[in-house]
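For the numbers below, each heavy atom of this structure counts, side chains included, while hydrogens, waters and symmetry mates do not. So you know, we letter chains A, B, ... as the sequences are listed, proteins then strands, and number each from 1. Keep in mind that this is a model prediction, so the values were computed, not measured.
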Amino acid sequence: MLDARGQIRRLPGVRLWLSGGWLALLVLAAIFAPLISPHDPLAQDLFAGRLPPVWEQGSDPAFLLGTDSLGRDVLSRMLYGARLALIVALVAGTLTCLIGATLGLIAGFFRGWADLIISRLIDIWMAFPPVLFAILLIAVIGTGLTSVIVAIVVIDWTRFARVVRAEAMSQGAMDYVASAQVAGRGRLGTAMTEILPNVLPTIVALLTLEMGIAIIVEAILSFVNLSISTDQPTWGGMIAEGRASIYQAWWVLVFPLFTLFLTVLSFSQFGEGLKEHFDPVLR
Amino acid sequence: MSFLSIRDLNVSLANGAPLLRRVSLDVAAGEVRALVGESGAGKSMIGKAVLGILPRAAKVTGGSIQLDGEDLETLSPKARRQRIGARVALIPQDPLTALNPSRRVGPQITDRLVDILGWKRAEAEARALELLEEVHIQAPDRVMKAYPHELSGGMRQRILIASAFAAEPKLIIADEPTTALDVTVQKQILKLIREMQQRHGTALLFVTHDLGVVSKIAQSLTVLYAGKVIEETDIKAFFAGPSHAYSRALLAATPKYTDPDGSLTPVPDSVIQAVEAEIAAFDAGQMGTVRA
Ligand SMILES: Nc1ncnc2c1ncn2[C@@H]1O[C@H](COP(=O)(O)OP(=O)(O)OP(=O)(O)O)[C@@H](O)[C@H]1O
Ligand SMILES: [Mg+2]
């Protein structure tokens, strides 16, 4: 009597593998950056400035992806840059998710005055242009890793709150929520067992998306020189520096930009893939 | 002494619009009472008021609901949930939205046994297996591990029935439990509910708009119109000849099992106007008592 739908087990799919593979590679690169970096990312060598990547004329095989105008190794800087990008992605993404999703769940399921306050806050927040908001915030609280993370959490919690609130509201109207209450579950218990599991796939997808966004925001802040201290290699910082010499040394700009793009894309694709994989109905 | 006793229950929306108008209704222990009325009459509202799951917009504004002689309104919300959870269960209308899609079926049946009755998980699971067999589900151990979307509508409704009987409640409220199913499955499910009800001796408040079903399952019947009780009688008397003109018209508008193709008369406008006038007069009277 169990019909065939139960037997369907789709393979994780190409996009989950590709995006997950890239992210795994990145995590390894970040962890082992000191071991695998061919050079010190900060070491300058003015005589080896603007060396092109190895497959171009006039390159030095010691610098696989070339050097920037100060003679620093692009590959080594990108590897160290991955550390910062991933720390920001993980910490800022997770914090944003925890805060935003919790507020969204409270507003959407418990409703009442809590919802009134949270919804108004979201409305007010949405009125600010986010990047400007972040720049303003950093200008006030100062630069540094913590400030960047705080800025991302502060500007982006509404993304989670809005979506989770809407989903919790529609879940709350379902009969199984009423049934759980009839069966004696308290409000909190109902929220945890009936609502949260249904919203979780969406939260996971949003979380990975947010990690990508966190990397972009960090890059933007680096670009306008408002992120971590300038001598730490970051992708955004490299892009900013590479922009100045785009016609003489395109590789300084292109490699970190492409890595950034690939990483952000991978995060969002990974999230969508996970959502599909874990949602029992979509699966 | 009836098990469920509703007295003069008023439920209204926040803006004051009445949804239930001084509804009184009794269900004796082991009795099957049908609650009929057209769509929007407030049948589900009565069930929801008893179960304490009224929508946010609706509030109880008067009257009392007694369960086994105990007034529910005097209990704390937690005590009330406990009381309801242990003694009353619901078979909902739509088996599609009544099971949580992201949880396996097993825990959804055993929740109540563990939460309210404090059973051990293993005991509760053994009981759930027994119940699934009782509602004629094959391979119950596999069904326990399945997600709801892997099961057909009829299967889900069987599961919900098993779940409703799990804690041996004294009263089950079945809110149009067969309307979402196709005709052949409807018959099976109805038979199953009846069989289970008789075996367990559970009282049943059976909400429906199908008088044909009523004759097969219920001993007594309450007719509701616009949130007001129009008629309250036992089944034999009702089918012999209802006393209210609206009930008579309703009965005339129902296909007979003996003569399914026989001519049907829709409820005439004159009857609707009369009953609407009755409701208006009642509302005017209510206003008077409030002002006085
Ligand atoms: N969430 C709600 N907010 C406001 N009004 C509601 C809400 N739910 C139901 N109502 C109103 O309450 C009245 C009674 O609804 P109820 O669901 O009890 O009808 P019913 O008799 O069960 O009908 P049906 O046979 O269609 O299930 C209807 O007029 C409906 O419009
Ligand atoms: Mg209804």
Check: Any side-chain heavy-atom pair from A:Leu200 and B:Ser102 closer than 4.5 angstrom?
Finding: no

Note to self: Return the CG to CE distance between B:Leu99 and A:Met174, rounded to the nearest 0.5 Å.
What the structure shows: 12.0 Å

Item checked: Heavy-atom side-chain contact between A:Tyr176 and B:Pro92 under 4.5 Å -> no

Next item on the list: List the atom of A:Asp175, the atom of B:Ala98, and the distance in Å for their closest heavy-atom pair.
Entry: CB-CA, 3.7 Å

Next item on the list: Please name the pair of heavy atoms, one in B:Asn100 and one in A:Thr193, separated by the smallest distance, quoted to 0.1 Å.
Entry: ND2-O, 3.6 Å

Check: Between B:Asp115 and chain A, which part of the residue has a heavy atom less than 4.5 Å away: side chain, backbone, both or neither?
Finding: side chain

Check: Does A:Val182 reach the side chain of B:Val88, with side-chain heavy atoms less than 4.5 Å apart?
Finding: no

Notebook entry, point to check: Given that the side chain runs from C-beta out, which part of B:Arg56 has a heavy atom under 4.5 Å from chain A: side chain, backbone, both or neither?
Noted result: side chain

Note to self: Looking at chain B, which one of A:Ala173, A:Ser179, A:Gly186 has the largest number of heavy-atom pairs inside 4.5 Å, strictly under?
What the structure shows: A:Gly186

Notebook entry, point to check: When rounded to the nearest 0.5 angstrom, what is the spacing between CD in A:Glu194 and CD in B:Gln108?
Noted result: 6.5 Å

Check: Considering only heavy atoms, which portion of B:Ile84 lies under 4.5 Å from any heavy atom of chain A: side chain, backbone, both, or neither?
Finding: both

Item checked: Residue selection (most heavy-atom pairs with chain A, distance under 4.5 Å) from B:Ile53, B:Leu96, B:Thr97 -> B:Thr97

